[in-house]
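Since the structure comes first, as structure tokens, the remarks are kept for the end.
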There are 2 protein chains.
Amino acid sequence: MNELISYFNKYNPLSENAINAIAEICKSVNIKKNQDLQSIGHTCRTIYFIKKGVARIYYYKEDIEITECFAFENAIIARVESLFTGKPSRKAIQMIEDSELIAISSAKLFDLYNTFPEIERLFRKIFESAYVDTVNRVESIQFHSAEERYNALLKESPNVLQRVPLKYIASYLGITQVSLSRIRGIR
Amino acid sequence: MNELISYFNKYNPLSENAINAIAEICKSVNIKKNQDLQSIGHTCRTIYFIKKGVARIYYYKEDIEITECFAFENAIIARVESLFTGKPSRKAIQMIEDSELIAISSAKLFDLYNTFPEIERLFRKIFESAYVDTVNRVESIQFHSAEERYNALLKESPNVLQRVPLKYIASYLGITQVSLSRIRGIR
DNA sequence: AATAAAATTTAACATAAGATAAATAATCAG
DNA sequence: CTGATTATTTATCTTATGTTAAATTTTATT
């Protein structure tokens, strides 16, 4: 739990009581490389914290698989478009490496919001921050060339190339594998 | 205030006390067509509710003006990447028509969060919903053609063409005016 | 280690969208 | 109402990325 608590502290430090309450709704999950943590069609009812490993969210656009995002150690991952709407998700979460996660039940978490305003505040801040990241991602996709986006990704996550197959990176960047290979070939 | 209260009710109905507390931190603002409501370089300290009119958020990418989003009546608009980080915004909010707005001071609002958890919950839900919209927008930009995005916009906001100049729509769609004109010409 | 499977690169050609410039249409200010 | 400004369209040419297919390299399995 230490990693998770440090993560929380970056947003909104919690009282001991609140930490204990969260600890009670957490479960450890281990997942083998390439396995889905959550599958397409199910409603998102769990928020995961990554202790070890790499995750991606992916979905299909007309039988082509698209990677929406990656998440590495000490980050939270959830399919928010399902978590916040209660609708089934068209997306899946897959672990790209053998991974260790902490699973937080969203129903129980939302219950805790009623007894611990500080927990509601914590997650408000976590998701506000994720929201800002997504707003910035729109800008990145819309107005930077594929090459610029590739370089920006390398700068942001220098180890992504070591840990994530290029085919996933290509669709994350919004281009084909062939295009990515071309961009990489230039230098 | 009635429109604003109805808007709130869609997310999290408030007690009378909470409504009164919010009412106290609201101001009416009228803005003429084409005027900036908030300008580039200032930190976002106000959340606006649009009673009448159309707003857009825009910014510059290498001296080319880009429209990030539009907002119509009965919606909230704010430059969240500044609101949630406290950093100065590279973006401006402009009113495309003569408009009436309600301005909510973000500092005072965040203070109210401490006395009214229900207000914090309300805005948590409002921004969670906006976050989901942004996640969906990433998908739309990344994996639909410009023509698909144009048609989707028309379906979503059928009156956008009557109320918003095409040059703004073009950059919102991530294409040039010339490209948009070409797409429109096809049919 | 050998083979099979998967991932990545390379090549050739096609296409959507960009850039620039000019023409036309719509809007605005006096 | 008229000229001036701004917005939109049309035309031409260029370019980045897509598509398909084949070649090569890497990884996984027996």
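A note on names: the letters A, B, ... follow the listed sequences, proteins ahead of strands, and every chain is numbered from 1. Because the structure is a prediction, the values reported are computed rather than measured.
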Taking only nitrogen or oxygen atoms into account, show me every contact under 3.5 Å that the protein makes with nucleotides 4-8 of chain C, one pair per line with its distance.
| from | atom 1 | to | atom 2 | distance (Å) |
| --- | --- | --- | --- | --- |
| C:dA7 | OP1 | A:Lys167 | NZ | 2.4 |
| C:dA7 | OP2 | A:Lys167 | NZ | 2.9 |
| C:dT8 | OP1 | A:Leu166 | N | 3.0 |
| C:dT8 | OP2 | A:Leu166 | N | 3.2 |
| C:dT8 | OP2 | A:Lys167 | N | 3.0 |

| task | Can you establish whether the number of heavy atoms outside B:Lys33 located under 6.0 Å from its atom NZ is more than 12? | result |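 No, because the 6.0 Å sphere around NZ of B:Lys33 holds 12 heavy atoms or fewer from other groups.
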
| Under 6.0 Å from the CD atom of B:Glu24, do we count more than 12 heavy atoms belonging to anything else shown? |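 Incorrect, the count does not exceed 12.
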
| Is there a side-chain contact between B:Ser28 and B:Glu100 (heavy atoms, below 4.5 Å)? |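 Of all side-chain heavy-atom pairs linking B:Glu100 with B:Ser28, none is under 4.5 Å.
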
| said: With heavy-atom distances below 4.5 Å as the criterion, would you say the side chains of B:Asn20 and B:Glu16 are in contact? | reply: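 Of all side-chain heavy-atom pairs linking B:Glu16 with B:Asn20, at least one is under 4.5 Å.
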
List, by chain and then residue number, the residues other than [X] in its hydrophobic cluster (Ile/Leu/Val/Met/Phe/Trp/Tyr, side-chain heavy atoms under 4.5 Å); write none if there are no others.
{"X": "B:Ile93", "result": "B:Val29, B:Ile31, B:Leu37, B:Tyr48, B:Ile50, B:Ile57, B:Ile77, B:Met95, B:Leu101"}
{"X": "A:Ile40", "result": "A:Tyr58, A:Tyr60"}
{"X": "A:Ile141", "result": "A:Val138, B:Val138, B:Ile141"}

| query | Residues in salt bridge (charged side-chain N to carboxylate O under 4.0 Å, His left out) with B:Glu97, at least two apart? | reply |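 Scan of B:Glu97 (salt bridge (charged side-chain N to carboxylate O under 4.0 Å, His left out), adjacent residues dropped) gives B:Arg163.
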
| Which parts of residues 31-39 of chain B get close to DNA chain C, meaning a heavy atom less than 4.0 angstrom away? |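 Nucleic-acid contacts, sorted: B:Lys33.
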
| task | Please work out whether the ring planes of A:Tyr113 and A:Phe123 are parallel, tilted or perpendicular, with thresholds of 30° and 60°. | result |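 Taking A:Phe123 first and then A:Tyr113, their aromatic rings sit tilted (interplane angle of 30° to 60°).
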
| Could you state the interatomic distance from CG (A:Leu166) to CG (A:Leu180), rounded to the nearest 0.5 Å? |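 Rounded to the nearest 0.5 Å, the CG-CG separation comes out at 5.5 Å.
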
| said: If I take atom CD1 from residue A:Ile47 and atom CG from residue A:Leu109, how far apart are they, to the nearest 0.5 angstrom? | reply: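 Answer for the CD1-CG pair, A:Ile47 versus A:Leu109, is 5.0 Å.
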
| said: Please report the end-to-end axis angle for the helix from C:dA1-D:dT30 to C:dG30-D:dC1, five pairs per end, rounded to 10 degrees. | reply: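 Between the axes fitted at each end of the helix from C:dA1-D:dT30 to C:dG30-D:dC1 lies an angle of 50°.
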
Report, one pair per line, the protein and nucleotides 17-20 of chain C atoms (nitrogen or oxygen only) whose separation is under 3.5 Å.
| from | atom 1 | to | atom 2 | distance (Å) |
| --- | --- | --- | --- | --- |
| C:dA17 | OP1 | B:Ala146 | N | 3.1 |
| C:dG18 | OP2 | B:Thr176 | N | 3.2 |
| C:dG18 | OP2 | B:Thr176 | OG1 | 3.2 |
| C:dG18 | OP2 | B:Ser179 | OG | 2.6 |
| C:dG18 | N7 | B:Arg182 | NH2 | 3.0 |
| C:dG18 | O6 | B:Arg182 | NH1 | 3.1 |

| task | Sorted by first residue and then second, give each salt bridge (Lys or Arg N to Asp or Glu O under 4.0 Å) pair with at least one member in residues 105-120 of chain A; sequence neighbours left out. | result |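 Listed once each, the pairs are A:Glu120-B:Arg121, A:Glu120-B:Arg124.
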
| message | Show me the pairs that pass salt bridge (Lys or Arg N to Asp or Glu O under 4.0 Å) and involve residues 42-58 of chain A, at least two apart or across chains. | response |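 Matches after skipping sequence neighbours: A:Arg56-A:Glu65.
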
| message | Students should find this one: the first and last nucleotides of DNA chain D, 5' to 3', lying under 4.0 Å from a heavy atom of chain B. What are they? | response |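 Endpoints of the contacted stretch of DNA chain D: D:dA7 to D:dT12.
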
| request: Write out all pairs satisfying ring-ring contact (aromatic ring centres under 6.0 Å, His included) with one or both partners inside residues 70-106 of chain B, taking only residues at least two apart or from two chains. | output: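 Counting only pairs at least two positions apart or across chains, the ring-ring contact (aromatic ring centres under 6.0 Å, His included) contacts touching residues 70-106 of chain B are B:Phe70-B:Tyr172, B:Phe84-B:Phe127.
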
| message | Closer than 3.5 angstrom, by distance alone: can the side chain of A:Thr85 be matched with the main-chain N or O of A:Glu81 as a donor-acceptor pair? | response |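 Yes, A:Thr85 side chain to A:Glu81 backbone: donor-acceptor pair under 3.5 Å.
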
